[in-house]
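Report on the following structure.
Nothing fancy with the numbering, it's 1 onward along the sequence. The model shown is predicted, which means the values in this text are computed figures rather than measured ones. Just follow the structure's listing: the first ligand is 1, and inside any ligand the first atom is 1.
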Amino acid sequence: MNKRIDSIKGISCFTGEPINITIDKGRIQAVETLPETGDDKQKLISPGFIDNQVNGFASVSFTDENLTVDKVTSVTENLWKYGVTGYLPTLTTSSREQLLANLQVLAKAIKEDVNKNSIPGIHLEGPYISPEKGYRGAHPKKYIRKPDWEEFTGFQKAAQGNIIQITLAPEIEGSLKFIEHCVENGIVVALGHHNGSAQEIKSAVKAGARIATHFGNACANYINRHKNPLWPQLANEELSLSLIADGIHLTEAEINVFYKAKGIDKIILTSDVTKFAGMPPDNYEWNGQQVKLTDEGRVLLTAENMLAGSAIPLLRGLETFRAYTDCSLSEVIQTVTHNPSELYHLKNSGAIAAGNTANLVQLRAEEKIEVEKTIIKGELVYEKV
Ligand SMILES: [Zn+2]
């Protein structure tokens with residue numbers, strides 16, 4: 001049984017003021033500003049983090065065979081250690097049968113008390129993406145297909161309505177109509193693993209696409225300097241960007257340009273973390289492919305020398321983004337709290353405010369950011385020892 005927390009004191013990560021938060025029945029009852037006490041300035045309180053792309057953790061992959069509710073729970077518990085109180089399990093391109101089976105497991109896991117509402121929904125990345133090399137990334141070509149609303153309806157049924165985001169390619173035949181259906185059904189449409197033209201991107205956003213998945217990645221290494229999928233997405237004011245700021249997927253200059261072009265309100269940091277997070281560096285076999293996990297946390301498909309997701313938790317991405325851009329701590333925290341809460345319409349979340357669910361993280365933030373306590377619905381689910 002986890003310890004109940006009735007109140008917690010610290011410095012608000014947003015205002016920099018000392019605050020006392022009282023908690024009742026899993027909700028924030030009141031937030032009181034305290035007089036300056038000279039307390040430890042590095043001891044901060046933040047809303048719990050939300051990670052919109054988690055493929056797995058510590059040898060569990062959500063797309064692999066034999067997924068179980070217990071395995072999902074082990075990922076949830078691992079993420080709590082890094083301050084993540086909400087995440088979107090992400091299923092990547094696979095066979096229809098595999099996706100249906102795993103969506104059913106995820107739907108069951110969402111209902112389990114042990115996961116404590118840490119899964120606000122599921123992210124389906126694929127299978128309706130570009131089959132082109134470079135753009136499809138590590139997604140197996142044989143399972144990539146055209147958007148099929150009937151098939152997707154089956155996925156959503158298996159998921160008991162829990163799919164809240166789909167990543168697709170706007171240039172694939174039938175995608176516009178598909179995007180419209182998604183929007184009508186309240187599903188966030190993300191553009192990713194695509195080689196869409198300026199017009200195709202514009203039309204997709206007009207139809208309701210709202211975010212670019214791991215922007216700057218899943219793109220060919222050599223592109224036309226004028227006509228490529230990056231500029232039109234960067235220029236489009238409606239489109240947010242999800243960024244993997246693990247120090248591996250994007251350079252410092254790229255992150256700076258994306259931050260400056262979009263502004264902090266349109267950035268969502270994500271981990272794209274895979275089963276290799278928390279595993280020792282080695283060579284592994286994964287779905288019939290050789291994968292190398294390097295000492296610095298690079299996950300490489302050995303045959304193609306290509307990145308296949310990350311092994312670095314979201315928390316480290318916050319540090320990297322802050323160091324690269326020189327933004328404030330409150331800005332970087334906004335990208336994993338307020339911004340995803342808004343995009344996914346998560347109620348009572350993403351801010352330290354009376355009435356909100358008491359999902360909170362106590363942090364120590366100097367150059368590194370360390371999680372000291374993670375609280376979900378007023379229960380202490382992780383404490384650093
Ligand atoms: Zn991807």
Side-chain angles (χ1 to χ4, degrees), residues 51-57 61-64 75 87-94 98-99 102 121-145 147 155 163-172 175 188-196 201 204 209-221 223 228-230 233 239-250 254-255 258 267-277 286-287 289 291 293 297-301 304-314 317 340 343:
D51 190 340
N52 77 354
Q53 196 161 355
V54 173
N55 304 286
F57 208 101
S61 167
F62 295 131
T63 313
D64 282 0
V75 174
Y87 72 100
L88 274 54
T90 301
L91 293 185
T92 51
T93 301
S94 190
Q98 192 65 62
L99 289 173
N102 290 16
I122 298 166
H123 176 179
L124 189 60
E125 193 195 19
Y128 315 130
I129 55 168
S130 168
E132 282 182 57
K133 194 171 177 345
Y135 296 96
R136 69 172 184 264
H139 292 239
K141 192 177 178 185
K142 65 176 172 179
Y143 295 129
I144 292 172
R145 45 206 189 257
F155 291 154
I163 299 171
I164 61 169
Q165 172 163 310
I166 181 158
T167 293
L168 52 74
E171 72 273 26
I172 306 296
S175 69
V188 172
V189 175
L191 306 180
H193 290 273
H194 75 89
N195 187 13
I201 290 163
R210 283 294 169 268
I211 182 165
T213 286
H214 51 49
F215 185 71
N217 293 109
C219 179
N221 276 332
I223 52 177
N228 64 59
L230 300 177
Q233 293 182 93
L239 207 59
S240 293
L241 306 179
S242 87
L243 301 178
I244 311 170
D246 61 359
I248 292 170
H249 279 77
L250 296 167
E254 285 175 290
I255 287 196
F258 302 162
I267 304 259
I268 290 181
L269 294 188
T270 188
S271 66
D272 198 11
V273 82
T274 61
K275 68 191 272 183
F276 298 105
W286 187 22
N287 293 334
Q289 302 190 85
V291 174
L293 174 62
R298 223 170 258 273
V299 182
L300 280 174
L301 279 187
E304 302 183 52
N305 193 28
M306 186 176 65
L307 291 171
S310 175
I312 297 174
L314 185 63
L343 182 67

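One of the N, O or S atoms belonging to His193 lies under 2.8 Å away from the Zn ion (ligand 1). Metal site remark for the Zn ion (ligand 1): Glu125 contributes an N, O or S atom at a distance under 2.8 Å.
Of all N, O or S atoms in His214, the one lying closest to the Zn ion (ligand 1) is NE2.
Take Lys141 and apply the salt bridge (charged side-chain N to carboxylate O under 4.0 Å, His left out) test, not counting sequence neighbours, and it matches no residue.
Contact between Asn102 and Asp64 at its shortest, heavy atoms only, is ND2-O, 2.9 Å. Taking every heavy atom of both residues into account, Ser94 and Thr63 meet most closely at CB-CG2, 3.9 Å. Minimum heavy-atom separation, Ile172 to Ile129: CD1-O, 3.8 Å.
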